[in-house]
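Protein chains get the first letters and strands the later ones, always in sequence-line order, with residue 1 at the start of each.
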Amino acid sequence: MESAHAASLASRYDPASVEGRWVQEWAERPFRADPESGKPPFTIVIPPPNVTGDLHLGHAFDNTLIDTLIRAKRMQGFEALFQPGMDHAGIATQVQVERALAAEGLDRHTLGREAFVERMWAWKERYGGVILGQLQRLGVSADWSRTRFTMDEGLSQAVRTQFVELYHRGAIFRGERIVNWDPASQTTLSELEVDREDRPGKLYTLAYTLEGGPVDGREAIEIATVRPETIFADQAVAVHPEDDRYAALVGRRVRIPLTDRSVPVIADAAVEREFGTGALKITPAHDQTDFEIGERHGLSRPTVIDTDACLFGELVPEAFRGMERFAAREVVVAALEESGALRAVRDHTVSLGFSQRTKVPVEPLLSLQWFYDPKDAAARALQALDDGEIRLVPERYTKVNRDWLERLRPWNVSRQLWWGHRIPAWYDPDGNVIVPARDDPHRDPTDDPRYAGVALTQDPDVFDTWFSSNLWPFSTLGWPDESDPFFRTFYPTDVLVTGYDILFFWVARMEMAAYEFTGTRPFHTVLLHGLVLDAEGQKMSKSRGNGIDPLELIDRYGADALRFAMAHVSTGAQDIRWDERRVEMGRNFVNKLWNAARFTLMQVGGDAEAVSVPARPTHLADRWMLSRLQAVTREVTGHLDAYDLGLAARTIYDAVWSEFCDWYLEAAKAPLKRGDDGTKVALKTALEGLLRLLHPLVPFVTSELWEALGHDGQIGLAAWPEVDPALHDPDAERDFERLRAAVIAARQLRAEANLSPAQVMPIHASGDDAAFLEREREAFESLARATLQAAPPTGAALTQPLPALTLALPFDGIVDVGEWRGRQEKRLAEARAERSRSAGKLANERFVANAPESVVEEERRRMGEAEALEAAIVSSLERVTSAP
RNA sequence: AGGCGCGUAGCUCAGUGGGAGAGCGCUACAUUGACACUGUAGAGGUCGGCAGUUCAAUCCUGCCCGCGCCUACCA
């Protein structure tokens with residue numbers, strides 16, 4: 001690559017002109033992971049984005065955190081693998097393609113399955129992977145040569161192996177259960193694909209007449225329902241077993257309104273006595289709770305709503321057949337009213353499920369599907385959480401993870417889609433299920449001599465997408481081929497980074513699958529982050545249209561600015577309310593860094609070897625800066641190790657801006673002007689240390705600057721800074737604080753005297769620290785833009801008293817001392833308050849007896865300092881008052 | 001109904017059992033050869049409320065008020 005030169009560094013950092021070549025570099029020559037390197041491996045698999053998805057802020061956030069960890073580990077000597085890839089996202093993708101077809105006046109059924117799947121692949125080739133290119137613009141250092149897709153050959157084999165194995169273990173079965181049915185896309189949905197929303201509805205009270213005459217004078221039992229159109233599938237009326245109101249009715253039969261059918265009154269503890277009338281109609285085929293009650297009581301489960309969400313079947317009076325469910329409700333209610341069975345209607349909020357993709361209300365429907373009952377796997381995963389084999393960060397989410405594993409129900413894994421992994425199950429003419437053999441899962445039964453001559457038909461359905469993404473941490477690494485070098489070296493992976501919102505759906509499933517198939521944990525740490533909300537605190541979503549385009553932000557501010565902003569605000573899985581000012585902060589910070597490096601280059605040149613004298617620093621500022629660098633290195637490294645990227649970012653932000661730029665660079669200017677080699681070395685050392693600490697967060701600008709500084713290899717492959725204890729210098733840190741306090745005091749004098757920054761101030765120092773200041777004269781004079789005077793001012797002077805130092809600035813009497821006096825009096829009041837507070841504490845014997853010695857000692861020190869300051873201010877005020 | 005989180009400067013947010021911070025905004029001054037995406041000096045907060053524990057509470061405990069999220073078989 002062409003090297004940048006110091007002279008060519010613009011005075012303002014322009015991300016657009018820098019990032020492009022690095023994006024290209026990292027895409028064409030990715031950071032490849034070598035399973036044979038012998039270095040300790042460190043692996044993170046990407047939470048696979050939807051193949052036809054676009055980068056949104058959630059992805060940007062997630063991948064920033066992942067890449068920061070990966071880049072840091074790589075520099076720390078690990079063989080770091082950032083495993084990239086995509087998910088086929090069954091229904092989401094299929095719905096998109098079906099929409100495109102509809103625009104052409106086609107649908108998948110007229111096209112036929114084979115042609116449709118071809119269209120799907122064509123779509124995938126065209127739009128799939130766009131998001132990977134977008135991630136590259138974020139600067140993600142994934143090993144792009146290993147990009148995987150859930151429907152790749154190898155990963156498909158993994159899915160098939162999973163199914164066949166679980167089937168033969170008896171964990172997978174085919175049966176009828178209540179599923180979330182999407183009448184628009186004609187498929188079942190996972191809970192994740194259903195959005196729950198509260199909607200205004202009605203609660204209807206219906207009278208079911210008792211057969212065989214009144215009991216205790218009651219002719220009917222009144223039930224409460226929000227779905228009167230389902231009464232035709234009723235199989236019972238249930239009451240609570242301990243409900244005295246209905247005890248006498250249990251065992252009797254009641255007649256369903258508008259029909260000739262009667263059903264029994266049963267007792268079940270699932271009924272809430274307080275709700276409605278305390279009596280519940282049981283419709284096992286159209287409600288999850290009813291299904292479960294029906295199971296307990298051996299009720300049959302007739303269906304009256306079909307897959308188009310219309311009433312159908314013999315049980316439905318002919319007048320209502322074929323009517324859509326909501327239309328039917330109105331008509332049925334009218335008929336009920338007519339018949340006198342409708343006793344009451346009141347407003348009632350109902351929680352309704354909507355298909356995330358089609359926005360249509362989901363119908364709970366009894367359906368013959370494939371189910372996976374993962375209770376054994378869940379038990380193992382729970383054990384892992386209890387034993388700490390898998391750790392969640394923040395820790396409190398462990399409980400959420402556990403809760404979900406404990407309450408698992410059989411998971412519906414089949415989907416009535418054409419896009420996905422076809423279920424490897426066949427049926428013979430008698431309806432017997434034939435699944436490939438356990439020891440040869442990839443041979444279709446149609447190729448198996450044992451079934452020669454049998455007419456086998458394959459199940460038309462495909463698997464739920466989660467039934468492949470649960471294998472992601474190892475299917476991407478080669479499993480089921482356990483001899484794959486990547487699987488052997490990089491599995492188990494290390495950290496999983498994802499939003500807490502898919503802890504249930506994805507994380508828990510990966511945990512279960514990993515123990516089931518690899519016998520080990522899939523990762524040791526789950527790092528959960530919050531969600532990116534819009535400025536009003538609402539979740540961003542396509543339907544709300546409140547999303548923010550990360551690419552547009554990258555165009556305007558640069559990828560580093562976005563990354564830095566994201567890392568900076570990540571704390572403890574708190575949601576992030578979007579605020580563009582933070583990206584501005586990132587941009588400004590990157591520009592600051594750029595300019596600090598530009599200055600350094602002007603001083604030391606762009607030849608890496610030119611200044612390499614391994615001298616111990618001698619100047620106070622050099623000693624201070626290098627000592628601070630050690631502390632910052634230790635802190636940043638520690639924060640990264642603790643997965644606290646927010647703290648890491650904030651720590652280094654302060655180090656760069658408030659220490660390196662504001663103080664060190666300014667203090668270094670005077671020696672640099674003299675050509676001081678020691679300072680040149682220190683300057684370059686400090687900058688390069690900071691650049692390396694920063695690289696994982698802001699890879700573009702640091703790569704560019706590293707190159708400009710004359711290094712051959714990229715900074716992404718440079719070694720992480722190590723703490724050098726020999727450079728730890730507490731004396732220098734303390735002395736520099738003294739210097740800093742003196743400089744600030746002098747600047748305050750300048751402001752109070754209304755002197756322009758350009759004007760050099762004659763300053764006289766007295767007090768215990770005066771000799772120290774004399775020793776650091778060059779730095780003080782340069783930083784304060786002052787000249788230290790040997791003799792005290794003869795005439796009127798403004799003074800700035802500190803505990804161990806008083807600075808005096810002569811003034812000509814034109815200056816209004818009122819402002820100065822006001823400020824000093826305020827400081828005096830503060831010093832007095834401080835002194836009396838400390839005195840009060842120290843006079844409290846319980847404080848002295850109970851508080852740690854160090855705290856008491858600190859309090860004494862404070863008190864002494866407050867006294868000294870108070871005395872100095874008093875004396876200053878007297879002198880000015882008495883001045884001519 | 002249960003669980004979790006949040007309430008700190010005008011705004012967006014960090015933070016800790018021992019005199020509260022950042023970014024932006026605000027006031028004043030400044031273009032001294034790194035940087036106006038800047039510098040210097042400032043103003044601004046009874047850390048949601050009430051009790052309790054403690055020598056010491058913004059931080060721990062309890063209750064209350066407000067906001068948000070997630071689970072759940074209230075039809």
S.K.: Can you check the distance between A57(B) and G48(B), where both ends of the measurement are the P atom (answer in whole Å)?
M.R.: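 My reading of the P atoms in A57(B) and G48(B) gives 16 Å.
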S.K.: Rounding to a whole Å, what distance do you find between Asp243(A):CG and C74(B):P?
M.R.: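 These atoms are roughly 18 Å apart.
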S.K.: Counting only side-chain heavy atoms from C-beta out, which of A34(B), U12(B), U38(B) sits nearest to Cys661(A)?
M.R.: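 The answer is A34(B), which lies nearest to the side chain.
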S.K.: Strictly below 4.0 Å: does Arg577(A) bring a side-chain N or O up to OP1 or OP2 of C13(B)?
M.R.: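 Checking C13(B) against Arg577(A), a side-chain N or O does come within under 4.0 Å of OP1 or OP2.
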S.K.: On a whole-Å scale, what distance lies between the C1' atoms belonging to G21(B) and U16(B)?
M.R.: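 Between the two C1' atoms, the distance is 11 Å.
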S.K.: Taking the same atom, C1', in U46(B) and in A41(B), what whole-Å distance lies between them?
M.R.: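 Between the two C1' atoms, the distance is 28 Å.
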S.K.: Can you check the distance between G10(B) and G49(B), where both ends of the measurement are the P atom (answer in whole Å)?
M.R.: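 So the two P atoms sit 14 Å from each other.
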S.K.: For A43(B), does either OP1 or OP2 sit under 4.0 Å from a side-chain N or O belonging to Lys826(A)?
M.R.: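 Yes, because at least one side-chain N or O of Lys826(A) sits under 4.0 Å from OP1 or OP2 of A43(B).
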S.K.: Are Lys592(A) and G39(B) close enough that a side-chain N or O sits under 4.0 Å from OP1 or OP2?
M.R.: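 The answer is yes; a side-chain N or O of Lys592(A) sits under 4.0 Å from OP1 or OP2.
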S.K.: Side chains of Glu292(A) and Gln288(A): is there a donor and an acceptor less than 3.5 Å apart?
M.R.: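 Short answer, yes.
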S.K.: Can you tell me the pairing partner of G21(B) across any strand shown, Watson-Crick or G-U wobble, with both distances under 3.5 angstrom?
M.R.: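 Partner of G21(B): C13(B).
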S.K.: Is the phosphate of G42(B), meaning OP1 or OP2, less than 4.0 Å from a side-chain N or O of Gln748(A)?
M.R.: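 Gln748(A) to G42(B) OP1/OP2: side-chain N or O found under 4.0 Å.
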S.K.: Contact class for Asp662(A) vs. all strands (heavy atom < 4.0 Å): base, sugar-phosphate, or nothing?
M.R.: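 Since only primed, P, OP1 and OP2 atoms lie under 4.0 Å of Asp662(A), the category is sugar-phosphate.
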S.K.: Would you indicate, yes or no, if A22(B) has its OP1 or OP2 atom less than 4.0 angstrom from a side-chain nitrogen or oxygen of His568(A)?
M.R.: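 Looking at the OP1 and OP2 atoms of A22(B), neither is under 4.0 Å from any side-chain N or O of His568(A).
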S.K.: By the 4.0 Å heavy-atom rule, please label Lys281(A) as base, sugar-phosphate, or nothing.
M.R.: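 Here Lys281(A) touches no strand at all.
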S.K.: Using the C1' atom in both, what is the distance from C69(B) to C55(B), to the nearest Å?
M.R.: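 Per the computed distance, 40 Å lies between those C1' atoms.
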S.K.: When you compare U61(B) with U54(B), how far apart are their C1' atoms, in angstrom units rounded to a whole number?
M.R.: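 These two C1' atoms come out 12 Å apart once rounded.
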S.K.: Can you tell me if the side-chain N/O atoms of Arg409(A) get under 4.0 Å from OP1 or OP2 in C73(B)?
M.R.: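 Answer is yes, contact under 4.0 Å.
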S.K.: Whom does A1(B) pair with, Watson-Crick or G-U wobble, provided both distances fall under 3.5 Å?
M.R.: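 Because both required distances fall under 3.5 Å, A1(B) counts as paired with U71(B).
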S.K.: Would you mind telling me which of C70(B), A34(B), C37(B) lies closest to the side-chain atoms of Arg12(A)?
M.R.: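 The answer is C37(B), which lies nearest to the side chain.
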S.K.: Considering only the P atoms, how many Å lie between U53(B) and G2(B), rounded to the nearest integer?
M.R.: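 Those two atoms are separated by 29 Å.
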S.K.: Report yes or no: does Arg598(A) contribute a side-chain atom to a donor-acceptor pair with the main-chain N or O of Arg12(A) at less than 3.5 Å?
M.R.: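 No.
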S.K.: Between Asn588(A) and U38(B), is there a contact of a side-chain N or O with OP1 or OP2 at under 4.0 Å?
M.R.: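 So the side-chain polar atoms of Asn588(A) do come within 4.0 Å of the phosphate oxygens OP1 or OP2 of U38(B), strictly under.
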S.K.: Quote, to the nearest angstrom, the P distance that separates A20(B) from C74(B).
M.R.: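 Straight-line distance between the two P atoms is 49 Å.
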S.K.: Under 6.0 Å between the ring centres of Phe275(A) and His348(A)?
M.R.: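 Centroid distance Phe275(A)-His348(A): below 6.0 Å, so yes.
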S.K.: Does OP1 or OP2 of G23(B) have a side-chain N or O of Arg581(A) closer than 4.0 Å?
M.R.: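 So the side-chain polar atoms of Arg581(A) never come under 4.0 Å of the phosphate oxygens OP1 or OP2 of G23(B).
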